[in-house]
Engineer: 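Mind having a look at this structure? Questions to follow.
Per chain, numbering begins at 1; letters A, B, ... match sequence-line order. Note that this is a predicted model, so its numbers are computed, not measured. Every heavy atom of this structure was used, including side-chain atoms; hydrogens, water molecules and symmetry mates were not.
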2 protein chains.
Amino acid sequence: MLSQSIEDYLKTIYEVESSEGKVSTSALSEKLGVSPASVTSMVKKLSERKLITHKRYQGVKLTPAGRKIALEIIRHHRLVELYLKEALGVPWDQVHQEAEKWEHVLSEDLEDRIDKFLGYPVTDPHGSPIPRRDGTMIVRQCSALVDVEPETLVKVVEVSDHDPELLRYLGGIGLYPETEMTVISKQPFKGPIIIELTGKEYPIGRNAAKYIMVEEAKN
Amino acid sequence: MLSQSIEDYLKTIYEVESSEGKVSTSALSEKLGVSPASVTSMVKKLSERKLITHKRYQGVKLTPAGRKIALEIIRHHRLVELYLKEALGVPWDQVHQEAEKWEHVLSEDLEDRIDKFLGYPVTDPHGSPIPRRDGTMIVRQCSALVDVEPETLVKVVEVSDHDPELLRYLGGIGLYPETEMTVISKQPFKGPIIIELTGKEYPIGRNAAKYIMVEEAKN
DNA sequence: AAATTATTTTAGTCTTGCCTAAATTCTTTT
DNA sequence: AAAAGAATTTAGGCAAGACTAAAATAATTT
Ligand SMILES: [Mn+2]
Ligand SMILES: [Mn+2]
Ligand SMILES: [Mn+2]
Ligand SMILES: [Mn+2]
């Protein structure tokens with residue numbers, strides 16, 4: 001059995017690797033809320049266990065074994081998020097913090113029961129893909145809302161689950177994964193992006209728009 | 001926030017206090033699977049935190065504050081056990097070990113949602129009473145099957161949840177809380193107790209019969 | 001190219017929760 | 001009442017996972 005701490009490190013390394021490519025000590029320190037020195041010593045331990053590789057001053061990389069564990073935890077996390085929403089009606093801005101704890105105590109048996117209950121889902125409440133049991137995960141082509149040109153009809157693919165306040169705002173205006181909307185304009189001087197959704201217009205701040213992933217909708 | 005370890009100590013102290021009256025270092029050592037020396041040092045810490053009282057060489061007692069926390073954890077445990085059985089179909093011999101982990105990661109919000117989903121239940125799948133939110137719990141009058149005289153019609157109140165094998169056997173013959181059955185005979189030389197249940201007779205070992213609590217059924 | 005700044009690692013501590021071995025205290029037997 | 005035995009506590013250590021302060025290395029600026 002791996003400690004909760006090790007599981008969180010591997011998961012975070014996976015996430016940083018996906019979103020930023022390079023995984024630096026400082027990035028991990030920030031995301032995990034732990035000092036850089038603590039990261040260095042855990043990195044040492046994970047290397048010894050062959051879950052990551054590490055070149056001094058150059059960042060870390062998951063080995064296949066480490067990646068498999070990371071995806072296992074992410075699978076737990078996302079299944080639990082969806083389960084809490086579907087089965088117990090937990091609002092989508094709260095499921096993340098609950099799942100953060102539950103992901104570490106989910107047995108394989110329960111994982112399977114939840115998976116079955118949900119009908120073998122492929123995405124979580126925020127639109128993120130759920131890794132498969134075999135440790136693989138689909139990758140999708142999509143772009144951040146902030147990079148989309150005005151006058152485009154887009155479909156929401158995925159929304160970051162880390163900021164409850166943003167999620168509440170988006171939920172309030174009816175912006176969920178699978179929702180279609182039109183980018184009306186991008187206000188100058190780093191102003192908000194205006195979108196149209198079910199006939200109404202709403203502003204989305206540039207920063208928030210970095211965390212909303214969309215794809216072009218066919219017509 | 002209390003550590004998982006502290007929560008488990010308080011819960012175990014409560015359980016030993018209920019079943020044996022006196023809570024000795026060695027009893028805790030045994031139930032928690034930890035050396036007596038480790039118990040002594042944790043006892044010291046819990047006393048300092050005013051969660052228990054301790055007289056050297058004389059055992060420990062929960063303070064009201066400690067009892068409240070113990071019952072909170074037991075509430076989590078029993079709600080989770082019932083939830084796993086009802087909502088996810090986990091067999092009753094497996095719910096205990098899952099709940100043993102989940103009890104420590106259940107938020108108050110989720111506790112309430114599960115409670116509501118289950119219709120505010122009063123007992124867990126093994127017949128144990130579920131403590132109320134306010135930290136109180138009903139106590140029932142019942143006796144161990146092993147102490148019942150032959151020829152008595154009894155109703156099962158509660159079954160110990162600690163031995164999966166026993167639970168599977170009992171489930172197999174249809175012996176659950178609320179089941180009525182007749183004690184036919186007690187075989188001599190510490191032999192088994194014979195019970196009759198839905199027209200058939202089954203043997204229950206003396207030792208197992210210590211862990212089955214019953215009350216006299218009216219007629 | 002040298003100096004400054006930022007990042008990462010090392011060194012040394014701390015807390016939690018466990019351990020074993022030895023000493024103490026309580027209980028039971030003779 | 002003394003001795004033997006059982007239970008409990010003390011003493012001293014260890015591993016995990018965090019921290020701060022200082023040293024080493026890399027990246028950026030002048
Ligand atoms: Mn986590
Ligand atoms: Mn999510
Ligand atoms: Mn139980
Ligand atoms: Mn527990």
Engineer: Enumerate the residue pairs fulfilling side chain to side chain donor-acceptor pair (under 3.5 Å) with a member in residues 110-124 of chain A, sequence neighbours excluded, ordered by first and then second residue.
Structural biologist: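 Qualifying pairs: A:Arg75-A:Glu111, A:Arg75-A:Asp115, A:His76-A:Glu111, A:Asp109-A:Arg113, A:Asp112-A:Arg133.
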
Engineer: Can you sort out which residues in residues 11-27 of chain A have a heavy atom within less than 4.0 Å of DNA chain D? Ascending by number, please.
Structural biologist: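 Contacts with DNA chain D under 4.0 Å: none.
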
Engineer: Are B:Arg140 and B:Glu158 close enough for a salt bridge, meaning some N to O gap below 4.0 Å?
Structural biologist: yes

Engineer: Not counting sequence neighbours, list each pair that qualifies as a salt bridge (charged side-chain N to carboxylate O under 4.0 Å, His left out) and has a residue in residues 4-19 of chain B.
Structural biologist: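 Every salt bridge (charged side-chain N to carboxylate O under 4.0 Å, His left out) pair that includes a residue of residues 4-19 of chain B, provided the two are not neighbours, is B:Lys11-B:Glu100, B:Lys11-B:Glu103, B:Glu17-B:Arg67.
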
Engineer: Do any pairs count as a side chain to side chain donor-acceptor pair (under 3.5 Å) and have a residue in residues 79-90 of chain A, sequence neighbours left out, and if so which ones?
Structural biologist: A:His77-A:Glu81, A:Glu81-A:His96, A:Glu81-A:His126, A:Tyr83-B:Tyr83

Engineer: For B:Arg132, check salt bridge (charged side-chain N to carboxylate O under 4.0 Å, His left out) against everything at least two apart and list the hits.
Structural biologist: none

Engineer: Please list residues of residues 53-60 of chain B whose heavy atoms come under 4.0 Å from any atom in DNA chain D, ordered by number; otherwise none.
Structural biologist: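 Here the set is B:His54, B:Arg56, B:Tyr57.
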
Engineer: For residues 40-65 of chain A, pull every pair meeting side chain to side chain donor-acceptor pair (under 3.5 Å), keeping only residues two or more places apart or in separate chains.
Structural biologist: none

Engineer: Judged by modelled atom types alone, do A:Ser29 and A:Ser26 share a side-chain donor-acceptor pair under 3.5 Å?
Structural biologist: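 No - no donor-acceptor pair under 3.5 Å links their side chains.
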
Engineer: Using the test ring-ring contact (aromatic ring centres under 6.0 Å, His included), find all partners of A:Tyr176 that sit at least two apart in sequence or belong to another chain.
Structural biologist: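 Per chain and number, A:Tyr176 pairs via ring-ring contact (aromatic ring centres under 6.0 Å, His included) with A:Trp92.
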
Engineer: What pairs with B:Lys68 under side-chain contact (heavy atoms from CB on, under 4.5 Å), at least two apart in sequence or on another chain?
Structural biologist: none

Engineer: What is the 5' to 3' range of DNA chain C, first to last nucleotide, that sits under 4.0 Å from any heavy atom of chain A?
Structural biologist: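 Listing 5' to 3', DNA chain C meets chain A from C:dT8 to C:dT10.
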
Engineer: Could you please spell out the steps behind the side chain to side chain contact (heavy atoms under 4.5 Å, CB included) verdict for A:Tyr202 and A:Ile194?
Structural biologist: CA-CA 6 Å; A:Tyr202 301 100; A:Ile194 310 297; over 6 Å; no

Engineer: Between B:Ser107 and A:Glu98, does any side-chain donor sit less than 3.5 Å from a side-chain acceptor?
Structural biologist: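 Result is yes, a qualifying pair exists.
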
Engineer: Base contacts versus sugar-phosphate-only contacts with protein, heavy atoms under 4.0 Å: please encode nucleotides 11-18 of chain D as B, S and - from 5' to 3'.
Structural biologist: -----SSS

Engineer: Check side-chain contact (heavy atoms from CB on, under 4.5 Å) between A:Ala27 and all other residues, then give those that pass, not counting sequence neighbours.
Structural biologist: A:Val16, A:Glu20, A:Ser24

